[in-house]
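Every heavy atom of this structure was used, including side-chain atoms; hydrogens, water molecules and symmetry mates were not. Every value quoted in this text rests on a predicted model; they were computed, and no experiment measured them.
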Amino acid sequence: MYGFTGFLPPLGSRGEFKLGSTIPVKWQLQNAPGGYISSLSSVQGLQVAYRGACSADAGAPVDLGSSGASGLRYDAMSNQFVFNWQTKGLAAACYSILLTLDDTTVHTATFSLK
C-alpha cells in the first residue's frame, strides 16, 4: 500500500470552486520507507461522480479522461501527481473525485461547484 496523505490544495483545502474553472487535482504517494512514487502506472483511474446536493448519494462515476481532461502528469519538482480538471459545462452541484491506485485503494474528496 502507498502512503497517501490526502488531496493537496486547492482541492484539499477548500470545498467550493467556481463553476467553469479548472481545478488542479494534486496528490503525493510514498512507499513504505518514505520515498516518493512517481510512476503514472500507480494510478488506475481518476473519476468524478455527480452528487447533486452534498448530502446525496453519489451517482455513477465518470472517467475524467473523457470529461475535459488536460492529462495526468507527475511534477518531479514538487513530487506531486497533477491532473487539471476542466469543469466547463457542468451543473452547479456537489461532486466527488475518486482516485483508484494500483494497490486497490480508492481515495475520495467531495466539493461543490457554484
#### Entry: Test log, rule side-chain hydrogen bond (donor to acceptor under 3.5 Å, both in side chains), inputs Thr110 and Ser96
CA-CA 4 Å; Thr110 300; Ser96 291; 2.9 Å; yes

### Task
Apply side chain to side chain contact (heavy atoms under 4.5 Å, CB included) to Ile97 and Thr108, showing your working.
CA-CA 5 Å; Ile97 292 279; Thr108 63; over 6 Å; no

### Query
Should Trp85 and Leu90 be marked as a side chain to side chain contact (heavy atoms under 4.5 Å, CB included) after you check the CA-CA gap, both sets of side-chain angles, and the distance that decides it?
CA-CA 11 Å; Trp85 180 42; Leu90 295 177; 3.4 Å; yes

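Note: the hydrophobic cluster containing Leu113 does not contain Leu98 (ILVMFWY, side chain heavy atoms under 4.5 Å, direct or indirect links). Clustering ILVMFWY residues whenever any of their side-chain heavy atoms sit less than 4.5 angstrom apart, transitively, puts Val106 in a cluster other than the one holding Phe111. Under the 4.5 Å side-chain contact rule for hydrophobic residues, Val82 and Trp27 do not share a cluster. Under the 4.5 Å side-chain heavy-atom criterion for Ile, Leu, Val, Met, Phe, Trp and Tyr, Leu29 and Met1 are members of distinct hydrophobic clusters.
Of all non-hydrogen atoms in Gln80 and Leu8, the two that sit nearest each other are NE2-CD1, 3.4 Å. Closest of all the heavy-atom pairs between Ser42 and Ser39 is OG-O, 2.7 Å. The shortest heavy-atom contact between Ala93 and Tyr50 is CB-CE1, 3.4 Å. Here the closest non-hydrogen pair linking Phe7 and Ala109 is CD1-CB, 3.5 Å. Scanning all heavy atoms of the two residues, the minimum distance from Asp75 to Arg73 falls at CB-NH1, 3.7 Å. Across all non-hydrogen atoms, the minimal contact from Gln28 to Ser78 is NE2-O, 3.1 Å.
Annotation: the span from Asp102 atom CG to Ser41 atom OG amounts to 6.0 Å, rounded to 0.5 Å. Note that NZ of Lys26 is 13.0 Å distant from CG of Asn79, once rounded to the nearest 0.5 Å. The OG1 atom of Thr100 lies 8.0 Å from the CD atom of Gln44; values are rounded to the nearest 0.5 Å. In this structure, the separation between CG on Leu101 and CG on Asp103 is 5.0 Å, given to the nearest 0.5 Å. Taken from CZ in Phe81 to CG in Leu72, the straight-line distance is 7.0 Å, to the nearest 0.5 Å.
Put simply, the side chain of Gln86 reaches to within 4.5 Å of the side chain of Thr22, judged on heavy atoms. When side chains are defined from C-beta on, Ile23 counts as touching Thr87, because their heavy atoms get closer than 4.5 Å.
Applying the side chain to side chain donor-acceptor pair (under 3.5 Å) test to Ser21 and every residue at least two apart in sequence or in another chain returns nothing. Residues that satisfy the side chain to side chain donor-acceptor pair (under 3.5 Å) test with Thr104, not counting sequence neighbours, are absent from this structure.
A donor-acceptor pair shorter than 3.5 Å cannot be found between the side chains of Asn31 and Tyr36.
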